[in-house]
> 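This structure is in structure tokens; I'll ask about it shortly.
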Amino acid sequence: MKKARRKGAVAGGNGSYTGEGRQPGPGGTIFGSVQVDLRESWWIGGVEIPTRLVLAPMAGVSVQAFRRQGRRYGAGLVCSEMVSCAGLEHRNERTLGYLRVGRDEHPLAIQIFGSDPGVMAEAARMVVAAGADIVDINFGCPVRKVTKTGAGATLLDDPSRACAIVDAVASAVDVPVSVKMRRGLEDGSRACLIVGPQLVAAGAATLTLHPRSARQMYTGVADHSLTAELVELVDVPVIASGDVTSRARAQSVLALTGASAVMVGRGAQGNPWALREIVDGDPEEPSREEVAAELILFVRETVRELGEHRAGGFLKKFYGWYLGRGRFPKPFKQEIVQLETTDEVVTRLFAAAPGAAEIVERLEAYLASPSDEPVMVIHMTCMGKPDRIIEVRGDNAADRR
Ligand SMILES: Cc1cc2nc3c(=O)[nH]c(=O)nc-3n(C[C@H](O)[C@H](O)[C@H](O)COP(=O)(O)O)c2cc1C
């Protein structure tokens, strides 16, 4: 297959401003007059991204409900959490479950991680068959479980392997390939500036930089002066990830770096309203009814996706994220976390905010149920294995010969 477009990726790319040039101030922070229109669309290869806000991939967070909600609240691009290419190779049922794609998620990137170019290429074919508009490659994960296999951020120390992976993936699929990386492994590292241009030459149509070191994990601050340097070095769009939680911060990062878009991660956890504030400048805090309604929808959708058993544990952290921030009293939050079933959670939320019922009804009528139809059917021969038909439905995953 042909390589993903490289140069075309620049269209609508880095640095489209309605004000003066970049204005870095002391410490690399700027709060100047430069304003970027976050509602402006831009392109990654042939894929149009309707806004300049990208919802971050987050393991243990970026379920379908999170992504669909992100799109509704203004994210121009959403991303799956990282999916193991080894898990896909072995048709691990849980891994295949990550390949559910809803009609209302597009444009969607599915992120894969691994260290073997051939296996990554095969995984890329599978995620495209599942409906991904973009294949994202993870060169940023700092977690030992991943790095000890030679994947994630470790690849920033092995540029030739990293390039071989990007080349293999870009040659395997017709959609654009993106790479998400950290600044490097160690504090102060500038590896991203050396590896980044090489990854573009190997076929990456866009780069996302989270400018912390792997060692830093999530401590300290994201040093977006590196993002600005990267933008200068490559002719593809760059996405700035790290510490963007408000419109003011998004504007300052875009102005400082000249990046095409900002990526928002932790700021959107239990808080889709932050996305609305960033994209549209709408600062209105949600009412209790709105919070309860979005949480109820999130719970129901996640139970459909993961099943009651997995969803029960998975959702606990979301209760804190949604109900905190002074939206509900602390004892109420504690009570919700203690409840045994998600049905009890929903009942209790409706009791606490009766007005939520009307909002939920409206939202559910508007949203297509993800379990209505099969969202992925793949017929393929993979890695020398016999032909398989793999079906992933909204509510279950099956792999059969
Ligand atoms: C819980 C959690 C899980 C994450 N999982 C992933 C992942 O699967 N893939 C990835 O590329 N980055 C992952 N990240 C990093 C985020 O995508 C993002 O780059 C980082 O959180 C910085 O952005 P923020 O300050 O907006 O959160 C994760 C971050 C968090 C907090």
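Counting starts at 1 for both ligands and their atoms, in listed order. The structure displayed is predicted, hence computed values, not measured ones. Side chains are part of it too, since the values below use all heavy atoms of this structure and drop only hydrogens, waters and symmetry mates.
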> Nearest non-hydrogen contact with atom 16 (C) of ligand 1 belongs to which option: M263, H210, K180, R182?
K180
> If only atom types and distance count, is the side chain of T208 paired as donor or acceptor with the main-chain N or O of S178 below 3.5 Å?
no
> Distance under 4.0 Å to a non-hydrogen atom of R266: what atoms of ligand 1 satisfy this?
21 (O), 24 (P), 25 (O), 26 (O), 27 (O), 31 (C)
> Should one rank A153, S241, G152 by closest heavy-atom distance to atom 23 (O) of ligand 1, which comes out on top?
S241
> Using a 4.0 Å cutoff against the non-hydrogen atoms of A56, which atoms of ligand 1 qualify?
17 (O)
> Measure the acute angle between the ring planes of H210 and Y218, then classify it against the limits of 30° and 60° as parallel, tilted or perpendicular.
parallel
> Hey, is Y218 one of the residues with a heavy atom under 4.0 angstrom from ligand 1?
yes
> Relative to each other, are the rings of F332 and F328 parallel, tilted or perpendicular (30° and 60° limits)?
parallel
> For G242, take its heavy atoms, then give the atoms of ligand 1 lying under 4.0 Å from any of them.
22 (C), 23 (O), 25 (O)
> Would you say G60 contacts ligand 1, with heavy atoms under 4.0 Å as the rule?
no
> Starting from atom 1 (C) of ligand 1, locate the nearest protein heavy atom and write down its residue, its atom name and how far away it is, to 0.1 Å.
A59 O, 3.9 Å
> Please confirm whether the backbone N or O of V36 pairs with a side-chain atom of Q251, one donor and one acceptor, at under 3.5 Å?
yes
> Among all protein heavy atoms, pick the one closest to atom 26 (O) of ligand 1 and tell me residue, atom and distance.
G265 N, 2.9 Å
> Under a 4.0 Å threshold between the charged nitrogen and the carboxylate oxygen, would R276 count as salt-bridged to D282?
yes
> When only distance counts, is V61 in polar contact with ligand 1, meaning an N/O pair under 3.5 Å?
no
> Short question: side chain of R182, backbone of M217 - any donor-acceptor pair under 3.5 Å?
yes
> Could you tell me whether the side chains of E277 and S246 share a donor-acceptor contact shorter than 3.5 Å?
no
> Is the shortest distance from a Lys or Arg side-chain nitrogen in R325 or E285 to a carboxylate oxygen in the other one below 4.0 Å?
no
> Give the atom numbers and elements of ligand 1 that come within less than 4.0 Å of a heavy atom of N138.
9 (N), 10 (C), 11 (O)
> Going by atom types only, do E335 and Y319 share a side-chain donor-acceptor pair under 3.5 Å?
no
> Report yes if some N/O of G267 lies less than 3.5 Å from some N/O of ligand 1; otherwise report no.
no
> Where the closest heavy atom to atom 11 (O) of ligand 1 is concerned, which of R249, M82, Q111 has it?
Q111
> Hey, are R71 and D104 close enough for a salt bridge, meaning a charged N less than 4.0 Å from a carboxylate O?
no
> Taking N or O atoms only and a 3.5 Å limit, does P57 qualify as a polar contact for ligand 1?
yes
> Are any of the N/O atoms on D243, whether in the backbone or the side chain, positioned under 3.5 angstrom from an N/O atom of ligand 1?
yes
